[in-house]
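Being a predicted model, the structure only gives us computed values, none of them experimental.
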Amino acid sequence: MPYRSPVEDYKFIFENIVGFSRLAETELFHDSDMETCKEILDAAGKLIDNEIAPLQRTGDLQPAVIENGVVRCSPGFADGFRTIGEAGLIGLAADPQYGGMGMPLSIQNAVNEMLNGSCLSLALAPLLSQGQILALENHADPWIKRVFLPKLVSGEWHGTMNLSEPDAGSDVGALKARAEEVSDGTYKIYGRKIFISWGDGDITSNVCHLVLARLPGSQEGTKGISMFLVPKFLPSESGELGNANRIRAARLEEKLGLHGSPTVELQYDGAVGWLVGRPSEGMRAMFTMMNNVRLGVGCEGVGAAEAAFQQAFEYASVRRQGLTPVGNGSGAIIEHADVLRMLADMKSRVFAARAICASCAFAADLKKSTGERKWASRAAFLTPIAKAFGTQTGIDVAAMGIHVHGGIGYIEQTGATQFLRDVFVTAIYEGTNGIQAMDFTGRKLADGGEEAATISEEIKSAIRTADSLGRSELAKNLHRADARVSEALRWMLDRRDMDDRFAGATSFMRAFAILLGGKFHLLASLGERRLGPRTALAEFYLGRVLPEVYGHCDAAMEGAAKLRRVTPETLAG
């Protein structure tokens, strides 16, 4: 079925969940009123549905290839990326002095999710460019900004991030790539980088790599890492492309999914690069990009989930199998109770994850536009939740979509399996979901649970509003779940041994995310003028999904002792 961007859902979330209109009250975003936002979403949705979505199957069936060290991308991908760039969708949130629109991240985030749902393989490229643009805006010197940013914003060039090496994946501090300063102020970069998404290709005339490497004499670990901008082709002072840099695309990774997105092993043999930021502060600069991309990765999961749901819903609406129990119904399998349950589960989880990502982006916008610490805290707190819950939702919903299809869903020709194959890696890169959970129960609770308690108070306020409107029955499960998560929070805060926290980190963060989803479903119901589809979906989520909180909280409070009894010998036996 044709993909349809969830434009109306975003309009509803902006108006009824996050309070988007508050951004127009700030000086920075005074032009970003709700009407402008709607116009951008409408235009972007139409372009994405018509121009980008048809590339989804092409990328899977005609993947990127490497020929004599040159990467050739899937048919239509170069035109698709050019379309995205010319429409201004790469630089929606970029600085206007470099060709961007200066719009809130909230809008960029929404458009990115639509791109992800239409063709995740291609959508990875603009996301990486956006992260690089942000890093250069905040850390690069004026010459780099002047030469590189306009090209990245327009989509003439595209960007990547180079962290991983054969023995330095999640442990970035173990990397061995090195940099040597040259008398002209540039650096020579040596080393090998692996798993580089969009590390080469023919969709643009230049590929710009942000590379982590060590300067001579730098200390071990992450504190000794610097960051360098290393382009495939060296630009002149005015930005004209010159000679090829000493970078070689050694091979393409053979992956489970995302076949249209070339994941490249790169060899640097004295490649020319420029320092970005200060020496040995590369991780600080890179985290500017990574935190932005982590939210973007969460939206990759949501986009894939949305697309998987749409296809499953369409199939279930026309497929006839068995006798359905609905009198005068169509006879389609959507009328079977268990198929309807799966579709409602898919739809309700997608909305919860989308609202969480939208709230995270909105907090980042208010942090940027007001400078207030409370918004910085909220954005930081929600980032690991958005990344982990968004990506896990993508995996869960894509898997359920195959189940809705039945046996035919397991056949590649339907395209149902592609959503699962493509989205699976999102739970791994930009910090695995386990790492996000440890960050959440570690650094994000270093405030003594202040931010978590603030969110709990907001949930109680939403429940009081529901009570005042005669919807106490709808809110009662949320009240109990909030109390249970608050109990688990206190347990976490009382643990001095971080091993106890980390043993239950994934479960606790999952419980918190599901609770947040319950809050947003309640607000969605309250945002309806009369009881309607959003209330029906809220009833389903609050009654059937929210109770998962209790099991996750039980697991979160188990501690590490019993887990540590499961030794390698136990597993081997």
Crowded around N243 CG? As in, over 12 foreign heavy atoms under 6.0 Å?
no
Over all heavy atoms of both residues, which pair between H259 and P63 is shortest? Give the atoms and the distance, please.
O-CB, 3.4 Å
Salt bridge (charged side-chain N to carboxylate O under 4.0 Å, His left out) for D365 and K368? Distances and angles first, verdict last.
CA-CA 5 Å; D365 285 329; K368 183 177 180 180; over 6 Å; no
Should L152 and I90 count as side-chain neighbours, where that means a heavy-atom distance under 4.5 Å?
no
Nearest atoms (heavy-atom pairs only) where A386 meets L295
CB-CD1, 3.9 Å
Results of ring pair (Phe, Tyr, Trp, His ring centres under 6.0 Å) for F77 - residues two or more places apart only:
none
Quick one: pull up CD in E451 and CG in L382 and give me the separation to the nearest 0.5 Å.
7.0 Å
Set out, in order, the CA-CA distance, both residues' side-chain angles and the distance that settles side chain to side chain contact (heavy atoms under 4.5 Å, CB included) for L47 and L89, then state yes or no.
CA-CA 10 Å; L47 180 144; L89 302 187; 4.2 Å; yes
Heavy-atom count around Y429 OH within 6.0 Å, excluding the residue itself: above 12?
yes
Closest non-hydrogen atom pair, E300 against L124:
OE2-CD2, 3.0 Å
Quick check for you: to the nearest 0.5 Å, what is the distance between M101 atom CE and I40 atom CD1?
4.0 Å
Less than 4.0 Å between a side-chain N and a carboxylate O, is that true for R373 and D447?
no
Can you tell me how far the OH atom of Y98 sits from the CG atom of L136, to the nearest 0.5 Å?
9.5 Å
I need the minimum non-hydrogen distance between A285 and A135, along with the two atoms involved.
O-CB, 4.0 Å
Value for CD1 (I84) from CG (N112), rounded to nearest 0.5 Å, stands at 9.5 Å
Looking at every heavy atom in both L128 and W198, which two are closest together, and how far apart are they?
CD1-CB, 4.4 Å
Do the two ring centres, one from F512 and one from F440, sit under 6.0 Å apart?
yes
So with a 6.0 Å cut-off around CZ of F29, is the heavy-atom count from everything else above 12?
yes
Regarding T417 and E412, do their side chains bring together a donor and an acceptor under 3.5 Å, going by distance alone?
yes
To the nearest 0.5 Å, how far apart are CG in L134 and CG in N292?
5.0 Å
When you check the side-chain N and O atoms of T393 and D396, is any donor under 3.5 Å from an acceptor?
no
Output side-chain donor-acceptor pairs under 3.5 Å for residues 223-241, partner residues at least two apart or in another chain, one line each.
{"residue": "S226", "atom": "OG", "partner": "S280", "partner atom": "N", "Å": "2.7"}
{"residue": "K232", "atom": "NZ", "partner": "D200", "partner atom": "OD1", "Å": "2.7"}
{"residue": "S236", "atom": "OG", "partner": "S238", "partner atom": "N", "Å": "3.3"}
{"residue": "S236", "atom": "OG", "partner": "S238", "partner atom": "OG", "Å": "3.1"}
{"residue": "S236", "atom": "OG", "partner": "G239", "partner atom": "N", "Å": "3.4"}
{"residue": "S236", "atom": "OG", "partner": "E240", "partner atom": "N", "Å": "3.1"}
{"residue": "E237", "atom": "OE1", "partner": "W143", "partner atom": "NE1", "Å": "2.9"}

Pairwise side-chain contact, P262 with C73, heavy-atom cut-off 4.5 Å (strictly under):
yes
Test log, rule side-chain hydrogen bond (donor to acceptor under 3.5 Å, both in side chains), inputs T288 and N138:
CA-CA 8 Å; T288 301; N138 283 276; 5.5 Å; no
Does any pair with a residue in residues 60-70 pass salt bridge (Lys or Arg N to Asp or Glu O under 4.0 Å), and if so which ones, sequence neighbours excluded?
R57-D60, D60-R421, E67-R72
Just so I know, are the side chains of M286 and L210 near enough to count as touching, which here means a heavy-atom distance under 4.5 Å?
yes
As a quick check of understanding, evaluate side chain to side chain contact (heavy atoms under 4.5 Å, CB included) for F419 and Q56, giving each step before the final call.
CA-CA 10 Å; F419 299 118; Q56 164 80 351; 3.6 Å; yes
Is any side-chain heavy atom of T441 less than 4.5 Å from a side-chain heavy atom of M509?
no
Run the numbers on V207 and H158 for side chain to side chain contact (heavy atoms under 4.5 Å, CB included), then give the verdict.
CA-CA 5 Å; V207 189; H158 76 270; 3.5 Å; yes
Pairwise side-chain contact, H139 with E281, heavy-atom cut-off 4.5 Å (strictly under):
no
Correct closest heavy-atom pair for K11 and D42 would be NZ-OD1, 2.9 Å
What distance do I428 atom CD1 and N433 atom CG have between them, rounded to the nearest 0.5 Å?
9.0 Å
Run the salt-bridge test on K193 and E165 with the 4.0 Å N-O cut-off and return the result as yes or no.
yes
Ion pair R251/E265, N-O distance below 4.0 Å
yes
Between E113 and C357, is a side chain to side chain contact (heavy atoms under 4.5 Å, CB included) present by the stated rule, with each step listed?
CA-CA 10 Å; E113 194 226 293; C357 290; over 6 Å; no
Whether K387 and E430 form a salt bridge (side-chain N of Lys/Arg under 4.0 Å from carboxylate O of Asp/Glu) is what I want to check.
no
Flag the pair I107 / Y10 as yes when at least one side-chain heavy-atom distance between them is below 4.5 Å, and no otherwise.
no
